Amino acid sequence: MPLALLALAVGAFGIGTTEFVMMGLLPDVASDLHISIPSAGHLVSAYALGVVIGAPLLAAATARMSRRTVLIALMALFVVGNALSAFAPGNGSLLAARFLSGLPHGAFFGVGAVVATGMVPPERKARSVSLMFLGLTVANIAGVPAATLMGQHLGWRATFLGVSAIGLAAIASLALLIPHDHTHASATGLRGELAALRSLPVWLALGTTVAGFGALFAAYSYVTPMLTDAAGYAETSVTLLLALFGVGATAGNLLGGRLADHSLRGTLFGGLTSLAVVLALFPLLMRAEWSAALAVTLLGMAAFVTGSPLQLMVMEKASAAPSLASSANQAAFNLANAGGAWVGGIALAAGYGTTSPALAGAALAVLGVGVAFAAYTVDRRRTVPSAGRVVTSHLCLPEDSEALRS
């Protein structure tokens with residue numbers, strides 16, 4: 001695998017750290033800015049909104065630019081957003097800075113996936129995407145806990161300065177390692193990029209992402225009360241258990257990339273089915289501490305097995321606009337984050353029990369399998385007639401040649 005993938009992973013590590021660290025810093029930020037914790041929670045939503053808006057917008061706007069230049073510019077915007085977060089004087093300015101920090105998120109992963117797959121042979125495309133995503137999953141193991149501890153001991157502003165430093169390291173890595181000869185985007189322009197997203201297979205692929213990762217976030221958004229109220233863990237143990245989720249996510253990400261290079265569709269179906277089974281077993285697994293720890297690890301593994309296949313499938317379905325489609329898939333991930341948390345919250349508010357969000361997630365995973373099957377059916381209907389025409393034309397060749405000879 002090219003060393004340039006390391007540069008993409010460093011950028012992904014920084015993005016993953018700043019995305020998830022705010023959840024652990026909410027009490028400190030709320031206390032320092034004299035706002036309530038629910039109000040501070042809007043900082044998480046502001047970042048997600050930036051991702052959803054920025055992913056397709058920035059990818060489309062930079063369609064004609066060198067992808068190497070785009071990646072460096074996106075990471076520079078990331079550094080600016082996090083630096084502004086560190087020096088934000090109040091809640092309003094911090095909200096704006098968090099929104100700005102989220103803008104380059106989806107486009108970076110989208111363009112980065114195109115660059116990663118362009119540097120490897122076809123049989124290693126999914127693996128290259130999984131190595132880029134490795135930075136995101138490792139951030140949940142090391143980056144987020146370390147940044148949270150930094151914020152608790154040095155102040156939350158120090159955390160965002162630290163993340164800015166990671167962004168600067170990513171810029172240096174991108175400039176040093178991303179080769180020029182693999183980074184020239186096609187000149188289809190904005191209209192051509194947008195036209196490529198009109199096909200039904202692209203939207204079915206994006207729908208699979210929303211349903212599949214919505215299943216994850218329906219449960220993961222409420223995993224802390226599950227661990228404390230159902231499994232009996234102390235609140236001080238939750239951080240370690242969330243690191244186990246990161247371990248599972250990292251293993252699943254690497255496994256999914258390797259398997260998807262052999263069977264993209266099979267890996268996707270297998271991952272979504274495994275996710276549905278794990279979530280359905282959550283009420284049983286949350287009855288003891290050891291099985292709860294296993295459940296959290298398996299949740300990360302089952303969910304992220306599908307990460308690389310989903311990214312690659314969207315890119316293949318919109319081959320004329322891979323950067324825009326890949327970035328749109330990142331927006332779909334964040335829609336899944338918000339939508340999954342909403343669905344899990346409905347189950348919890350209805351009084352179905354602490355582990356009910358996991359069962360709601362299992363239903364979403366089953367929905368994801370259904371959408372993926374619909375995409376498979378559409379693909380079959382589009383390819384079979386085409387194949388039939390090819391066969392017919394070959395069967396007519398002998399007769400045509402005989403007629404010519406006569």
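Quick caveat: nothing in here was measured; it's all calculated off a predicted structure.
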*Asks:* Does the side chain of Leu244 reach to within under 4.5 Å of the side chain of Leu294, using non-hydrogen atoms?
*Replies:* no
*Asks:* Do the side chains of Ile166 and Asn82 get nearer than 4.5 Å, heavy atoms only?
*Replies:*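 They are not in contact (no side-chain heavy atoms under 4.5 Å apart), so the answer is no.
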*Asks:* Minimum heavy-atom separation for Ala372 to Leu268, with atom names?
*Replies:*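 Shortest heavy-atom separation between Ala372 and Leu268 comes out as CB-CD2, 4.3 Å.
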*Asks:* Would Val79 and Ile171 count as a side chain to side chain contact (heavy atoms under 4.5 Å, CB included) here? Give the steps.
*Replies:* CA-CA 9 Å; Val79 171; Ile171 291 175; 4.2 Å; yes
*Asks:* Is it true that a side-chain atom of Ser221 and a backbone atom of Ala218 form a donor plus acceptor pair closer than 3.5 Å?
*Replies:* no
*Asks:* Which atoms form the tightest heavy-atom contact between Leu272 and Ala365, and what is the distance?
*Replies:*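 Reported closest heavy-atom pair: O-CB, 4.0 Å.
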*Asks:* Test ring-ring contact (aromatic ring centres under 6.0 Å, His included) on Phe99 and Tyr47; report intermediate values, then the result.
*Replies:* CA-CA 5 Å; Phe99 175 80; Tyr47 183 91; 9.7 Å; no
*Asks:* Considering the options Ile346, Leu348, Val223, Val343, which one meets the side chain to side chain contact (heavy atoms under 4.5 Å, CB included) requirement together with Pro357?
*Replies:*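 Answer after filtering Ile346, Leu348, Val223, Val343: Leu348.
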*Asks:* Restricting to non-hydrogen atoms, name the atom on Leu279 and the atom on Leu359 that form the minimum distance, rounded to 0.1 Å.
*Replies:*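 Scanning both residues completely, I find the closest heavy atoms to be O-CD2, 4.2 Å.
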*Asks:* Is there a side-chain contact between Leu57 and Leu103, using heavy atoms and a 4.5 Å cut-off?
*Replies:* no
*Asks:* Please step through side chain to side chain contact (heavy atoms under 4.5 Å, CB included) for the pair Val115 and Arg68, ending with a clear verdict.
*Replies:* CA-CA 8 Å; Val115 172; Arg68 179 178 181 272; over 6 Å; no
*Asks:* Scan for ring pair (Phe, Tyr, Trp, His ring centres under 6.0 Å) pairs involving residues 125-152, sequence neighbours excluded, and state none if there are none.
*Replies:*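 Matches after skipping sequence neighbours: Phe109-Phe133.
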*Asks:* For Tyr376, does the OH atom have more than 12 heavy-atom neighbours from other residues, nucleotides or ligands under 6.0 Å away?
*Replies:*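 It does not: Tyr376 OH has 12 such atoms or fewer within range.
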*Asks:* Apply side chain to side chain contact (heavy atoms under 4.5 Å, CB included) to Thr18 and Phe78, showing your working.
*Replies:* CA-CA 10 Å; Thr18 200; Phe78 171 83; 3.4 Å; yes
*Asks:* Heavy-atom distance under 4.5 Å between the side chains of Leu131 and Leu254, does that happen here?
*Replies:*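 Sidechains of Leu254 and Leu131: in contact.
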*Asks:* Say whether Asn253 and Ser130, considering side chains only, have a donor N or O and an acceptor N or O under 3.5 Å apart.
*Replies:*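 Absent: no donor and acceptor within the cut-off.
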*Asks:* Within the distance-only criterion (no hydrogens, no angle test), does the side chain of Tyr222 pair as donor or acceptor with the backbone N or O of Ala341 below 3.5 angstrom?
*Replies:* yes
*Asks:* Thinking salt bridges, do Asp261 and Arg124 make one under a 4.0 Å N-O criterion?
*Replies:* no
*Asks:* Which label fits Phe217 and Phe213: parallel for a plane angle under 30°, tilted from 30 to 60°, or perpendicular past 60°?
*Replies:* tilted
*Asks:* Heavy atoms, side chains only, cut-off 4.5 Å: are Glu19 and Asn334 in contact?
*Replies:* yes
*Asks:* In Å and rounded to the nearest 0.5 Å, what is the CD to CZ distance from Glu123 to Arg127?
*Replies:*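 Separation between the atoms: 8.5 Å.
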*Asks:* Would you say Arg98's side chain and Ser93's backbone share a donor-acceptor pair under 3.5 angstrom?
*Replies:* no
*Asks:* So, the side chain of Asn140 versus the backbone of Leu136: is there a donor-acceptor pair under 3.5 Å, distance only?
*Replies:* yes
*Asks:* What is the minimum heavy-atom distance between Ala170 and Met75, and which atoms define it?
*Replies:*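 Minimum heavy-atom separation between Ala170 and Met75: CB-CG, 3.8 Å.
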*Asks:* Rounded to the nearest 0.5 Å, what separates atom CE in Met301 from atom OG1 in Thr137?
*Replies:*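 Interatomic distance, Met301 CE to Thr137 OG1, rounded to 0.5 Å: 11.5 Å.
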*Asks:* Using a cut-off of 6.0 Å, state whether more than 12 heavy atoms not belonging to Arg265 lie near its atom CZ.
*Replies:*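 Enclosed.
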*Asks:* For the side chain of Ser274 and the backbone of Gly270, is there at least one donor-acceptor N/O pair under 3.5 Å apart?
*Replies:*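 It does hold such a pair.
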*Asks:* Who pairs with Ala332 by side chain to side chain contact (heavy atoms under 4.5 Å, CB included), at least two apart in sequence or on another chain?
*Replies:* Leu206, Thr209, Val210, Asn329
*Asks:* CG/Leu241 to CD/Glu289 distance, rounded to the nearest 0.5 angstrom?
*Replies:* 8.5 Å
*Asks:* Could you walk me through whether Phe160 and Met22 satisfy the side chain to side chain contact (heavy atoms under 4.5 Å, CB included) test, starting with their C-alpha distance in whole Å, then the side-chain angles of each, then the deciding distance to 0.1 Å, before giving a yes or no?
*Replies:* CA-CA 10 Å; Phe160 291 109; Met22 180 56 75; 3.3 Å; yes
*Asks:* Can you tell me how far CG of Leu281 sits from CG of Leu299, rounded to the nearest 0.5 angstrom?
*Replies:*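 CG of Leu281 is found 12.0 Å from CG of Leu299.
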*Asks:* For residues 159-175, pull every pair meeting side chain to side chain donor-acceptor pair (under 3.5 Å), keeping only residues two or more places apart or in separate chains.
*Replies:* none
*Asks:* Measure the CG-NZ distance between Leu264 and Lys125 for me, rounded to the nearest 0.5 Å.
*Replies:* 11.0 Å
*Asks:* Search all heavy atoms of Met315 against all heavy atoms of Ser326 and return the closest pair with its distance.
*Replies:*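 Shortest heavy-atom separation between Met315 and Ser326 comes out as CG-CB, 3.7 Å.
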*Asks:* Considering only heavy atoms from C-beta outward, does the side chain of Tyr233 approach that of Met286 to under 4.5 Å?
*Replies:* no
*Asks:* Main chain of Leu259, side chain of Thr267: is a donor-acceptor contact present, judged purely on distance under 3.5 Å?
*Replies:*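 A pair under 3.5 Å: yes.
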*Asks:* Do the side chain of Thr306 and the main chain of Ala302 share a donor and acceptor less than 3.5 angstrom apart?
*Replies:*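 Side chain of Thr306 to backbone of Ala302: no pair is present.
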*Asks:* For a 4.5 angstrom cut-off between non-hydrogen side-chain atoms, does Arg287 reach Leu284?
*Replies:*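 A side-chain contact under 4.5 Å exists here.
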*Asks:* How long is the span from the CG atom in Leu227 to the OG1 atom in Thr355, to the nearest 0.5 Å?
*Replies:*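 Interatomic distance, Leu227 CG to Thr355 OG1, rounded to 0.5 Å: 11.5 Å.
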*Asks:* Measure across Leu58 and Ala107 and return the closest heavy-atom pair with its distance rounded to 0.1 Å.
*Replies:*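 Closest heavy-atom pair between Leu58 and Ala107: CB-CB, 4.0 Å.
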